[in-house]
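Labels below follow one simple rule: chain letters A, B, ... track the order of the sequence lines, proteins then strands, and each chain is numbered from 1.
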Protein chains: 2
Amino acid sequence: MITNFSEAKAILATRSIKPTYQRLRILEAVSDTRDHPTIKALYDKLIRTVPTLSKTTLYSTLELFAAKGLVTRLSIDAGEARYDGFPAPHHHFHCERCGAILDLDIACATGRRGEVQGHAIKEVHGYFKGICKDCLSRDHHKIPRRSSHV
Amino acid sequence: MITNFSEAKAILATRSIKPTYQRLRILEAVSDTRDHPTIKALYDKLIRTVPTLSKTTLYSTLELFAAKGLVTRLSIDAGEARYDGFPAPHHHFHCERCGAILDLDIACATGRRGEVQGHAIKEVHGYFKGICKDCLSRDHHKIPRRSSHV
DNA sequence: ATGACTGCAAAATATTTGCATATTC
DNA sequence: GAATATGCAAATATTTTGCAGTCAT
């Protein structure tokens with residue numbers, strides 16, 4: 001988690017990315033949360049304090065960060081990208097009911113790199129889908145319905 | 001791979017899905033390939049022999065199949081869903097250069113079900129990103145460029 | 001002055017929805 | 001015949017592109 005501009009500048013420097021104001025603020029915003037925000041969520045959050053920010057800049061900046069390995073672009077729901085600013089490799093859980101994306105602390109293949117079946121591996125993505133802990137506990141008070149014939 | 005209508009009908013019957021003509025043809029098309037087609041690819045392929053097919057039907061049918069476990073919806077590129085009609089659990093490799101999505105034959109967690117860290121798991125998705133075997137061999141004749149300062 | 005970054009608007013692409021018609025059992 | 005599926009068109013959502021203006025070196 002990035003707490004100030006000089007830290008953010010240092011991080012950008014490690015990837016040879018020019019530290020513009022927008023980039024610093026975007027890096028700060030995506031690193032400041034573990035909820036894997038969408039473009040829309042980041043925009044809504046940043047526009048309050050960066051009033052001129054355009055979505056074009058958000059898209060291009062996050063693409064740049066992803067290419068440089070500063071953030072990870074998650075494709076869990078098709079149709080809407082989410083970004084993960086937490087640096088350590090980890091897997092994800094997607095709750096089908098409430099839509100949350102949670103970090104999982106399991107080791108399977110997260111760090112695997114190099115070569116697999118002849119292909120050069122740069123990134124490993126793993127995610128699990130189902131019903132999250134919180135939604136499960138809410139279910140304890142409900143009677144499940146039978147699925148209808150389609 | 002599904003080779004005829006009675007086989008497709010039998011498969012739909014196992015999930016209590018009414019066997020309409022469109023559903024049979026869509027199941028056949030998505031099961032007949034290992035290249036993880038997009039909606040667009042399926043539409044372009046099917047429209048030749050099912051001239052009245054609408055994309056609405058394709059979307060709703062594939063969503064139905066995915067909910068019933070007949071196909072898997074892949075979210076590897078955000079922005080465009082792909083569908084996998086191959087029934088056995090397996091992971092995927094996505095080539096950043098040519099865009100291909102290939103099946104991988106590795107066992108890691110593919111069959112894992114049940115409970116992880118309190119959440120109920122229904123599906124496990126894993127994919128690797130990098131440069132595929134074919135693109136790597138094409139690279140043997142090229143001189144790599146230095147990346148520019150951004 | 002040059003090259004790179006930003007932001008607005010428009011375009012392109014992907015997905016969902018409303019509703020009338022057609023089909024299945 | 002009742003319930004469901006289909007398909008067209010329109011609406012919505014997401015992402016990309018073109019280009020003019022701005023900023024940094």
Can the ring centres of A:Y127 and B:H125 be said to be less than 6.0 Å apart?
yes
Would A:Q117 and A:H119 count as having a side-chain donor-acceptor pair, cut-off 3.5 Å?
no
What's the CZ-C1' distance between B:F65 and D:dA5, to the nearest Å?
12 Å
Please give, in whole Å, the distance from D:dT6 C1' to B:K55 NZ?
16 Å
Using only modelled atom types and a 3.5 angstrom limit, is any donor from either the side chain of A:T56 or the base of C:dC8 paired with an acceptor on the other?
yes
May I ask you to decide if B:K68's main-chain N or O and B:R15's side chain share a donor-acceptor pair within less than 3.5 Å?
yes
Euclidean distance, atom NZ of residue B:K18 to atom P of D:dA2 [Å, nearest integer]:
14 Å
Candidates C:dC8, D:dG7, D:dT15 - which lies nearest the side chain of A:S54
C:dC8
Return no unless some side-chain N or O of A:Y59 is found under 4.0 Å from OP1 or OP2 of D:dT15.
yes
Between B:T20 and B:K40, name the one whose nearest nucleotide on DNA chain C is closer to the 5' end.
B:K40
Has the side chain of A:T61 got a donor or acceptor that lies under 3.5 Å from a partner of the other kind on the base of C:dC5?
no
With a cut-off of 6.0 Å (strictly less than), are more than 12 heavy atoms of other residues, nucleotides or ligands near CD of A:E63?
no
Would you say the side-chain atoms of A:H90 and A:H92 include a donor-acceptor pair closer than 3.5 Å?
yes
Grab the CG-C1' distance between A:L58 and D:dT16 for me, whole Å please.
14 Å
Expressed as a whole number of angstroms, how long is the span from B:I17:CD1 to C:dC25:P?
13 Å
Residue met sooner reading DNA chain C from 5', once B:R73 and B:K9 are mapped to nucleotides:
B:R73
Is the shortest side-chain N/O distance from A:T57 to OP1 or OP2 of C:dG7 below 4.0 Å?
yes
Euclidean distance, atom CG of residue A:L53 to atom P of C:dC5 [Å, nearest integer]
15 Å
Measure from CG on A:L42 to P on D:dT15 and round the result to the nearest Å.
12 Å
Rounded to the nearest angstrom, tell me the gap between atom OH in A:Y21 and atom P in D:dA24.
13 Å
In DNA chain C, stems of three or more consecutive pairs, Watson-Crick or G-U, each with both distances under 3.5 Å, turn out to be C:1-25 with D:1-25
Examine the side chains of A:H91 and A:D103 and answer whether a donor and an acceptor come within less than 3.5 Å of each other.
no
Whether A:D134 and A:R138 form a salt bridge (side-chain N of Lys/Arg under 4.0 Å from carboxylate O of Asp/Glu) is what I want to check.
no
Between B:R23 and D:dT6, is there a contact of a side-chain N or O with OP1 or OP2 at under 4.0 Å?
yes
Hey, is the side chain of B:Q22 poking within less than 4.0 Å of OP1 or OP2 on D:dG7, counting only N and O atoms?
yes
